[in-house]
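Here is the structure we will look at, set down as structure tokens.
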Amino acid sequence: MLVELIHNPASGTHDKLRLDVLANAFQACGAKVRLGRTERDGRFGIFPDCDLVCVSGGDGALRLVVASMAKGGVKKPLCIFPAGTVNLVARELGYSTDPEIFAREIMAGFLAGDSARLQAPLVTSDGQPFVACISAGPDGQAVARHSPALKKRIGGAAYAWSLVQLLADWPQLRFSLAVESPDGTNIQLSSAAFYVIKAHHYAGNWILAPQAELASDIFHVISLSRARRRDFFRFLATVALGRDPARLDFVQSLPARGLTINAEDDPSRLAAFQVDGDMLPTQPREISMAGNSVTYCLPLPE
């Protein structure tokens with residue numbers, strides 16, 4: 001068995017020693033390991049003879065690999081060792097953070113075949129797949145303004161600090177959203193901030209759409225009709241308490257198969273969007289289900 005172990009050497013969380021431990025753990029389970037790496041431009045190849053693709057990194061690195069696999073028509077089972085800042089997909093699928101346990105559980109899952117596979121329908125932003133979430137609003141601006149050096153030191157708390165710094169210059173944004181429901185109907189929304197959710201978790205253990213999951217053939221749109229300071233922090237408090245934010249009078253949560261986004265003014269057209277914890281280089285226009293899927297190899301606990 002050959003494992004293609006892909007890592008992102010430019011990531012602030014990259015740890016060569018931990019990567020070596022993971023490679024050795026796979027080899028101790030009887031697998032051969034070939035190291036690969038993502039590039040800044042997203043271009044890299046996947047070895048055609050590999051049996052399993054393993055990404056060591058976060059959701060951003062996983063997004064690059066999934067996009068490359070989709071573009072190249074690569075139909076290999078995939079797993080992710082949670083070596084990023086937040087690791088939403090790894091959290092949902094139950095991957096261990098211990099390299100040796102991870103390798104043993106993945107090898108057991110690989111050998112179990114279809115009983116340890118999850119088909120995850122892909123969602124795309126202007127034709128490019130993403131794996132967990134896209135958002136625009138105060139937290140999107142916080143991602144844009146965060147310090148990579150601080151993130152390397154304190155992890156996801158760097159985003160929270162960036163959000164606090166926004167209080168003095170709070171964004172006032174407005175978007176027109178056209179949501180295509182699963183039954184084909186269209187719903188128009190006016191939004192000050194919104195989230196496109198595919199994975200169950202957001203920003204760690206938070207849950208914005210309780211019904212969202214990787215295996216679903218839809219995604220969820222959470223729209224805030226207003227996002228003043230007090231509104232947004234009320235929204236965050238509701239989520240932090242484990243409650244469905246759709247209970248708030250200024251929040252709508254809709255299942256969707258498609259979404260069209262229009263920025264209504266110049267500040268909104270210049271607003272930053274985050275995708276899987278990274279910045280999007282340009283604002284997305286169309287988000288939709290792709291019609292194909294990626295296959296995750298699930299862990300089998302010992």
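What's counted below: heavy atoms across the whole structure, side chains too, no hydrogens, waters or symmetry copies.
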inquiry  = One pair to check against side-chain contact (heavy atoms from CB on, under 4.5 Å): M279 and F273. What are the steps and the verdict?
reply    = CA-CA 6 Å; M279 292 306 306; F273 279 58; 5.8 Å; no

Pair [X] + [Y], salt bridge at N-O below 4.0 Å:
| X | Y | answer |
| --- | --- | --- |
| R63 | D278 | yes |
| D231 | R234 | no |
| D249 | R226 | yes |

Of all heavy-atom pairs between [X] and [Y], which one has the smallest distance, and what is that distance?
| X | Y | value |
| --- | --- | --- |
| P301 | E105 | CA-OE2, 3.4 Å |
| L88 | C133 | CD1-SG, 4.1 Å |
| Y296 | A120 | CE1-CB, 3.6 Å |
| L208 | D244 | O-OD1, 4.1 Å |
| V275 | I134 | CG2-CG1, 3.6 Å |
| E213 | E92 | CA-OE2, 3.4 Å |

Any sub-3.5 Å donor-acceptor pair from [X]'s side-chain atoms to [Y]'s backbone N or O?
| X | Y | answer |
| --- | --- | --- |
| E180 | A256 | no |
| H201 | I207 | no |
| H7 | G57 | no |
| W170 | A227 | yes |
| D51 | L2 | yes |
| D98 | I101 | yes |

task = With sequence neighbours excluded, give me every salt bridge (Lys or Arg N to Asp or Glu O under 4.0 Å) pair touching residues 200-212.
result =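 Applying salt bridge (Lys or Arg N to Asp or Glu O under 4.0 Å) to every pair that reaches into residues 200-212, excluding sequence neighbours, yields nothing.
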
Joint hydrophobic cluster, [X] plus [Y], side-chain heavy atoms closer than 4.5 Å:
| X | Y | value |
| --- | --- | --- |
| L298 | M69 | yes |
| V21 | V33 | no |
| L122 | V55 | yes |
| I222 | M289 | no |
| L280 | V131 | no |

message = Are more than 12 heavy atoms, taken from residues, nucleotides or ligands other than Q27, located less than 6.0 Å from that residue's CD atom?
response = yes

key: More than 12 heavy atoms from other groups under 6.0 Å of CD on Q283   = yes

ask   = Between Y95 and F102, is the gap from one ring center to the other below 6.0 Å?
value =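 Yes, they do, as the ring centres are separated by less than 6.0 Å.
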
ask   = Less than 6.0 Å separating the ring centroids of Y195 and F235?
value =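 Judged by ring-centre distance (under 6.0 Å), Y195 and F235 do meet the cut-off.
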
request  = Show your reasoning for whether side-chain contact (heavy atoms from CB on, under 4.5 Å) applies to V196 and L259.
outcome  = CA-CA 9 Å; V196 178; L259 175 67; 3.6 Å; yes

Can you give each donor-acceptor pair under 3.5 Å made by side-chain atoms of residues 71-79, sequence neighbours left out, with the distance rounded to 0.1 Å?
from, atom 1, to, atom 2, distance (Å)
K76, NZ, P48, O, 3.2
K76, NZ, C50, O, 2.9

[atom1] of [X] to [atom2] of [Y]: how many Å apart, nearest 0.5 Å?
| X | Y | atom1 | atom2 | answer |
| --- | --- | --- | --- | --- |
| I80 | C54 | CD1 | SG | 8.0 Å |
| F194 | L173 | CZ | CG | 9.5 Å |
| F219 | S288 | CZ | OG | 7.0 Å |
| D49 | R34 | CG | CZ | 9.5 Å |
| L64 | I6 | CG | CD1 | 10.0 Å |
| L52 | E4 | CG | CD | 10.0 Å |

Below 4.5 Å, heavy atoms only, C-beta onward: do [X] and [Y] meet side chain to side chain?
| X | Y | answer |
| --- | --- | --- |
| F26 | I106 | yes |
| L236 | W206 | yes |
| R91 | P82 | no |

ask   = How far apart are the C-alpha atoms of F175 and L189, what are their side-chain angles, what is the distance that settles it, and do they pass the side-chain contact (heavy atoms from CB on, under 4.5 Å) test?
value = CA-CA 8 Å; F175 301 92; L189 300 175; over 6 Å; no

key: Pairwise side-chain hydrogen bond (donor to acceptor under 3.5 Å, both in side chains) hits with a residue in residues 108-130, at least two apart   =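 Those involving residues 108-130 are Q119-S293, Q119-T295.
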
task = Go through the steps to decide whether M1 and F110 satisfy the test side-chain contact (heavy atoms from CB on, under 4.5 Å), and finish with yes or no.
result = CA-CA 10 Å; M1 174 188 175; F110 178 82; 3.6 Å; yes

query = Under 3.5 Å, is there a donor-acceptor pair linking the side chains of S181 and R257?
reply =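 Result is no, nothing qualifies.
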
request  = Among S176, S268, S223, find the one that has a side chain to side chain donor-acceptor pair (under 3.5 Å) with S191.
outcome  = S223

query = Can you name the one residue among L22, L19, D20 that meets side-chain contact (heavy atoms from CB on, under 4.5 Å) with P99?
reply =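 Only one option passes, and that is L22.
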
